[in-house]
J.: 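Let me begin by handing over the structure; questions about it come next.
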Amino acid sequence: MFIQASDARSWRKCKRRVWFDNNPPADFVETEAGEFEQLIIENGNCLEKKYLEQFKQTLTVVEATSQEHTKALMKDGVDVIYQGIFIKENIIGKPDFLIRQSSGAYQPADVKLAHDADKIEIQTQLGVYRFLMETKLPALAYLATGEIMEIGDEANEKVSAYLASMQEILGAKTPPVARFSESKCRECPYQTICKPEFESKGELTLLYGLESRAAPGLEEQGYKDIKKLSVADPENIADVPFLKGHEKKQRIVLQAQSYMDGNFRQLSEITLPGGTWIHFDIEDYPLTESGQKHVYLWGFLKPNYDRADFDYIWTDAEASDRDGWEQFLAQVSEYGGQYPDLILAHFSHHEKTTIELYAKRYDMESHPVVTWLLGDESPLFDIQKPVKESLVLPIAGYGLKYICKHPNLVNFQWHEADSGSQWSIVQFARYLEEGAQGRARLKQSILDYNFDDVLATRKLELWLRALPNEFASIQAA
Ligand code: SF4
């Protein structure tokens, strides 16, 4: 079995996943890549093609067809070898480009749809190329931002760890033991195999907030599954890595109870700020020419919270990025004048960090609206905070859609059932490629989605306000 340099990505996500990649389960039917995945692949291919065309303008480029062919092209001193192949023992690497230096040596390079080369999988993959080529020259990562980053000897340790781990994984007859992680497993093609196994054995890491590094310590104490943990007395649980202190232990026991009965628990009183609430949500597009994310939609839902009360700013071209930002500041300033008690409610820190990013991008950190939004008297209010602080919910992740869609919680459904942040990126990518007629339809569906998002935070607000706030003892719904 070959260890592929490109397996570093899958390996980094999950050792079990990389084992399955190399030992496809007998009854596993590989599904086609989803629309978002396809979009990422297409964008990666476009970026690679762009660099390929750039090389071709001034240099001789030849595509390699085998390891022998690669060696022959290197011997001939071809300027750039496209998709060269290196094999050493059972390790194989295929750099996108091999670039001849004035010394005659070749430098491996890969195109990456990333904004930096710090990710371990990128460093490992490019480090494996250097290992296979036995070169001291740094490998190059051509990034989506147009930057070219060097990866040198600092990646050697990662390469050694990767190769040793992969030898062990591929030598195993059965898949390695793995823990569940919602963010990791949600996107994994083998979820249909692993998740039922996790569920049937009551795997502890199915619980939101339970780190995989905490699970072995709990199991050693006899809390071998969620059911056992749900009846534990937090006082009797000894500290384990990543689960120390009474509060955390009480929370995880309640999380187990919530998992078992599907109801939520309230830990403390929720006090939401008074004032005039405007719900706020943005949509951004990361796959831009420059590699910088572009917020193309800033959406607001103001009183009386009907469709007619939905305001938005839309700037589809990346060239109008600053214009959209300035319109946003003007809109917020207008709301501030209209409602002196304004609360600009959003879900999670994403909106606030985007305002910080844009203020920095356009050197507007001292703009009066920016200092107001980011200062002590800010109208911004992150509605996810009281949820996380005061509630324990029967869901795998505390994202807006998990909370709002759950029938025992807010029970609000989006009109487009499959919508989400990846869905909106795909719709916007399609929008950019469409003619006027198609654009109008796609714009409407993105606006409908954004409206549902801000309406969802409004429904969440109402649901939180309606909670009885009587929790002398921890309550179930
Ligand atoms: S579903 Fe999760 S545990 Fe299973 S292979 Fe995929 S990432 Fe690993």
Side-chain angles (χ1 to χ4, degrees), residues 1-41 44 113-114 119-125 158 161-220 223-229 240-243 252 255-256 259 394-399 401-402 418 420-423:
M1 253 183 225
F2 279 101
I3 298 172
Q4 312 252 9
S6 56
D7 274 343
R9 191 161 167 260
S10 192
W11 171 81
R12 176 81 181 126
K13 285 184 176 160
C14 176
K15 312 290 178 272
R16 192 168 223 245
R17 179 170 176 165
V18 81
W19 189 90
F20 279 138
D21 285 346
N22 287 277
N23 301 274
D27 51 353
F28 178 69
V29 185
E30 199 169 343
T31 49
E32 266 186 35
E35 283 190 301
F36 180 73
E37 253 185 321
Q38 273 174 19
L39 180 68
I40 297 296
I41 293 167
L113 201 62
K119 288 187 174 144
I120 291 180
E121 56 270 33
I122 294 180
Q123 301 227 339
T124 304
Q125 184 176 358
K158 296 179 187 91
Y162 171 67
L163 295 176
S165 168
M166 283 296 285
Q167 295 288 8
E168 194 181 323
I169 291 166
L170 297 188
K173 294 218 165 4
T174 52
V177 173
R179 299 283 184 183
F180 179 78
S181 149
E182 176 64 11
S183 57
K184 174 185 83 171
C185 299
R186 189 179 48 206
E187 312 291 345
C188 177
Y190 308 111
Q191 194 191 155
T192 50
I193 297 167
C194 297
K195 196 154 184 206
E197 279 179 30
F198 288 137
E199 285 171 341
S200 72
K201 69 174 187 173
E203 162 64 34
L204 293 176
T205 47
L206 285 166
L207 296 177
Y208 172 80
L210 202 147
E211 275 253 3
S212 61
R213 288 168 292 184
L218 290 173
E219 287 164 349
E220 278 162 25
Y223 307 113
K224 293 206 178 295
D225 55 38
I226 295 175
K227 196 172 173 190
K228 286 208 170 79
L229 189 61
V240 296
F242 302 95
L243 190 67
I252 213 64
Q255 194 66 58
Y259 179 93
I395 45 181
Y398 281 33
K401 292 186 179 65
Y402 289 92
D418 295 334
S421 54
Q422 293 188 351
W423 176 91

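Quantities reported herein were computed from a predicted structural model and do not represent experimental measurements. Order of appearance sets the numbers: ligands from 1, and atoms from 1 within every ligand.
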J.: Taking 4.0 angstrom as the limit, do Glu219 and Lys201 come out as a salt bridge?
T.: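 Lys201 and Glu219: not salt-bridged.
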J.: Would you mind listing which atoms of ligand 1 come within a distance below 4.0 Å of any non-hydrogen atom of Arg17?
T.: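 Numbered from 1, ligand 1 contributes 5 (S).
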J.: Is ligand 1 less than 4.0 angstrom away from at least one heavy atom of Lys184?
T.: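 Heavy atoms of Lys184 do come under 4.0 Å of ligand 1.
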J.: Closest heavy-atom contact between Phe20 and Pro25?
T.: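 Shortest heavy-atom contact: CD2-CG, 3.5 Å.
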J.: Can you tell me how far the CE atom of Met1 sits from the CG atom of Asn23, to the nearest 0.5 Å?
T.: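 Result: 4.0 Å between the selected atoms.
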J.: For ligand 1, which atoms sit closer than 4.0 Å to a heavy atom of Gln191?
T.: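 Counting atoms of ligand 1 from 1, those under 4.0 Å from Gln191 are 1 (S).
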J.: So which protein heavy atom does atom 2 (Fe) of ligand 1 come closest to, and at what separation?
T.: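 Atom 2 (Fe) of ligand 1 sits closest to the protein heavy atom Cys185 SG, 2.4 Å.
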J.: Nearest 0.5 Å please: distance from the CD atom of Gln167 over to the OH atom of Tyr162.
T.: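 Gln167 CD to Tyr162 OH: 10.0 Å, rounded to 0.5 Å.
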J.: Taking 2.8 Å as the cut-off, does Cys188 contribute an N, O or S atom near atom 6 (Fe) of ligand 1, distance below it?
T.: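 A backbone or side-chain N, O or S atom of Cys188 is under 2.8 Å from atom 6 (Fe) of ligand 1.
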J.: May I ask you to decide if the ring planes of Tyr398 and Tyr208 are parallel, tilted or perpendicular, using 30° and 60° as cut-offs?
T.: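 Plane angle under 30°, so parallel.
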J.: Report yes or no: does Cys14 have an N/O/S atom closer than 2.8 Å to atom 4 (Fe) of ligand 1?
T.: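 Within the cut-off used here (under 2.8 Å), Cys14 places no N, O or S atom near atom 4 (Fe) of ligand 1.
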J.: Considering only non-hydrogen protein atoms, determine which one is nearest to atom 4 (Fe) of ligand 1 and report residue, atom name and distance to 0.1 Å.
T.: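 Result for atom 4 (Fe) of ligand 1: Cys194 SG, 2.4 Å.
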J.: Going by an N to O cut-off under 4.0 Å, is there a salt bridge joining Glu211 and Arg213?
T.: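 Salt bridge flag = yes for Arg213 with Glu211.
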